[in-house]
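These notes are about the structure you will find just below.
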Amino acid sequence: MSEDVLPRPFHVAIIMDGNGRWAKKKRLPRLLGHRAGIRALERTVRAAEGLGITHLSIYAFSTENWKRPETEIKGLMSLFRFSIRRKVDEISRENVRLRFAGKKEGLPGDVAGLMNWAEEKTAANTGLTLVACLNYGGRAEIVDCVNSLIAEGRTTPVMEEDITGRMYAPEIPMPDLIIRTSGEQRLSNFWLWQCAYSELYFTDVLWPDFGPEDLKRAVEHFLNRERRYGAIK
Ligand code: IPE
Ligand code: IPE
Ligand code: MG
């Protein structure tokens with residue numbers, strides 16, 4: 001597969017699922033599954049750069065994940081804190097631009113602060129854009145867009161572009177390919193507005209086991225799909 005066959009920009013979105021089941025299989029605490037998930041993410045970012053993917057978005061924590069036990073939520077927040085703080089320099093060296101999508105207000109103040117710091121620090125980078133969806137919900141995002149329009153005092157009819165332009169990360173192109181690991185075949189509130197014409201790819205691989213070969217396989221599947229956008233080809 002050569003880079004010139006890939007569309008540009010090319011946005012791959014991943015629902016990183018199966019950390020808990022991976023840990024359970026190994027009789028480990030769930031949090032170790034999440035830690036192994038961070039390592040899978042590091043591998044995937046490197047592989048994405050190599051494949052010529054321009055935008056990679058990852059679903060890290062949904063607006064519904066607050067329903068989990070407090071200990072797991074606390075563990076995940078610590079992991080986010082630690083990973084952002086420790087990885088930003090490395091990410092910067094690789095010319096990766098880090099963006100976040102989701103409701104920063106609902107997160108612990110220091111985590112939201114680190115997110116702003118990391119976005120500022122990597123804003124001028126020109127390589128891969130990594131969009132981390134944290135406290136993200138597709139429905140919440142659409143509701144937030146509608147509320148911004150109301151707050152702006154909008155009285156004329158709303159167009160699709162008005163919604164698209166008020167998304168959490170409006171400069172990010174629509175996802176071309178959405179991958180979900182762990183055998184589940186649903187979106188779980190991910191990129192609901194943006195997924196309208198995304199190609200979907202499901203794999204049984206649990207997220208902590210995901211690697212460059214799995215990403216390559218998903219992209220190859222994508223290249224065999226015919227996108228019609230409602231028209232006749
Ligand atoms: C995905 O793995 C990570 C998050 C939702 C934070 P899960 O924690 O959902 O893993 P399973 O689905 O229980 O295996
Ligand atoms: C989706 O996974 C959210 C993330 C990967 C962050 P979940 O494990 O929360 O989704 P459901 O509950 O199985 O739909
Ligand atoms: Mg899950």
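We use all heavy atoms of the structure for the numbers below, so side chains are in, but hydrogens, waters and symmetry mates are not. Numbers here simply count residues along the sequence, with the first being 1. Order of appearance sets the numbers: ligands from 1, and atoms from 1 within every ligand.
Taking a 4.0 Å cut-off on heavy atoms, R21 fails to register as neighbouring ligand 2. Contact between G18 and ligand 1 is present, with at least one heavy atom of the residue lying under 4.0 Å from the ligand.
In this structure, the protein non-hydrogen atom closest to atom 14 (O) of ligand 2 is S188 OG, 2.6 Å. In terms of protein heavy-atom proximity, atom 9 (O) of ligand 2 is closest to N65 ND2, 2.9 Å.
Comment: R99 engages E171 in a salt bridge, judged by a side-chain N to carboxylate O separation of less than 4.0 angstrom. Using a cut-off of 4.0 Å between Lys/Arg side-chain N and Asp/Glu carboxylate O, R154 and E152 are scored as not salt-bridged. In summary, E161 and R166 do not engage in a salt bridge, as defined by a charged side-chain N under 4.0 Å from a carboxylate O. Classification of E226 and R228 as a salt-bridged pair holds, one side-chain N sitting under 4.0 Å from a carboxylate O. Using a 4.0 Å cut-off between charged nitrogen and carboxylate oxygen, E64 and K67 do not count as a salt-bridge pair.
Annotation for T181 and D17: closest pair OG1-O, 2.7 Å, computed over non-hydrogen atoms.
Heavy-atom contacts of M16 reach the following atoms of ligand 1: 1 (C), 2 (O), 3 (C) (cutoff under 4.0 Å). Every atom of ligand 1 with a heavy atom of R68 under 4.0 Å away is listed here by number and element: 5 (C), 7 (P), 8 (O), 9 (O). For ligand 1, the atoms closer than 4.0 angstrom to any heavy atom of A60 are 6 (C).
Heavy atoms from other residues, nucleotides or ligands lying under 6.0 Å from CZ of R43 number more than 12. No more than 12 heavy atoms of other residues, nucleotides or ligands shown are found within 6.0 angstrom of CD on E70. The 12-atom threshold is not exceeded at CZ of R35, counting heavy atoms of other residues, nucleotides or ligands nearer than 6.0 Å.
Residue contacts with ligand 2 for C133 are absent, since no atom lies close enough (heavy atoms, distance under 4.0 Å). Contacts between F61 and ligand 2, counted as non-hydrogen atom pairs separated by less than 4.0 Å, involve the backbone only. Heavy atoms of L206 found under 4.0 angstrom from ligand 1: none, in either backbone or side chain. With a heavy-atom cut-off of 4.0 Å, K24 does not touch ligand 1 at all.
Note: Y168 and F100 fail the aromatic proximity criterion, with ring centroids not under 6.0 Å apart. Close placement of the W191 and Y136 rings is indicated, their centers lying within 6.0 Å of each other.
Polar contact with ligand 1: present for R30 (N/O pair, distance under 3.5 Å). Polar contact with ligand 1: present for N19 (N/O pair, distance under 3.5 Å).
In the candidate list R186, R180, E184, R180 is nearest to atom 10 (O) of ligand 2, counting heavy atoms.
Distance screen at 4.0 Å: atom 12 (O) of ligand 2 has no protein heavy-atom neighbour inside the cut-off.
Near-neighbour remark for the Mg ion (ligand 3): protein N, O or S atoms under 2.8 Å are D17 OD1; waters not counted.
Note: the hydrophobic cluster containing L6 also contains Y201 (ILVMFWY, side chain heavy atoms under 4.5 Å, direct or indirect links).
Both tests hold for K26 against W22: distance to the six-membered ring centre under 6.0 Å, angle to the ring axis within 45°.
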